[in-house]
Amino acid sequence: MMLFTGVKCPRVQAPTNGIMRGNSFTFRNTLEFECNLGYLLQGDSVIECLNTAKWSGNKPTCIRKKT
């Protein structure tokens, strides 16, 4: 059985006009993203640090809602 305890994924910042929940960038940890009022999330709302030191999805962006 392989242990991946030392695996770290690249640092991620909250999207512009949004927030990020979570602050650990190690294996099996997740980050959750949400946009401010008036913005829509484009991309994955939750990503997980994989044993390959990559995130399970792409960091999302927040785009202004069309009125």
Side-chain angles (χ1 to χ4, degrees):
M1 181 172 132
M2 294 182 73
L3 297 176
F4 299 101
T5 53
V7 173
K8 289 189 178 179
C9 288
R11 286 188 98 45
V12 174
Q13 299 290 324
T16 302
N17 299 307
I19 61 167
M20 178 179 78
R21 288 189 186 87
N23 59 4
S24 182
F25 304 100
T26 55
F27 177 55
R28 287 208 173 136
N29 284 293
T30 58
L31 300 175
E32 295 179 40
F33 302 93
E34 192 175 307
C35 293
N36 297 339
L37 197 59
Y39 290 84
L40 289 173
L41 190 76
Q42 287 226 295
D44 300 306
S45 61
V46 178
I47 58 176
E48 180 180 0
C49 183
L50 304 174
N51 62 3
T52 56
K54 295 185 190 269
W55 291 104
S56 61
N58 296 313
K59 181 191 156 206
T61 57
C62 294
I63 59 166
R64 185 182 293 277
K65 288 182 183 177
K66 292 182 170 55
T67 54

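Here the structure is a predicted model, which is why all the values come from computation and not from measurement.
What you find for P15 and T61 is that their closest heavy atoms are CB-CA, 4.3 Å. The two residues P10 and A53 have their closest heavy-atom pair at CD-O, 3.4 Å.
T16 pairs by the side chain to side chain contact (heavy atoms under 4.5 Å, CB included) definition with nothing, not counting sequence neighbours.
Between the SG atom of C35 and the CZ atom of R64 there is a distance of 12.0 Å, given to the nearest 0.5 Å. For the atom pair SG of C49 and NZ of K54, the computed distance is 11.5 Å after rounding to the nearest 0.5 Å. The distance from the CD atom of E32 to the OG atom of S45 is 7.5 Å, given to the nearest 0.5 Å.
At least one side-chain heavy atom of R21 sits less than 4.5 Å from a side-chain heavy atom of E34. Contact check for F33 versus I19: no side-chain heavy atoms found under the 4.5 Å cut-off. Residues I47 and S56 meet the side-chain proximity criterion, which asks for heavy atoms closer than 4.5 Å. A 4.5 Å side-chain heavy-atom check between Y39 and I63 finds every atom pair outside the cut-off. Proximity of L41 to C62: side-chain heavy atoms (C-beta onward) are separated by under 4.5 Å at one or more points. Within the 4.5 Å cutoff, the side chain of R28 has heavy atoms near those of the E48 side chain.
The main-chain N or O of N17 is found under 3.5 Å from a side-chain atom of N36 such that the two form a donor-acceptor pair.
Tested against W55 for a side chain to side chain contact (heavy atoms under 4.5 Å, CB included), the candidates L31, T30, L50 yield a single pass: L31.
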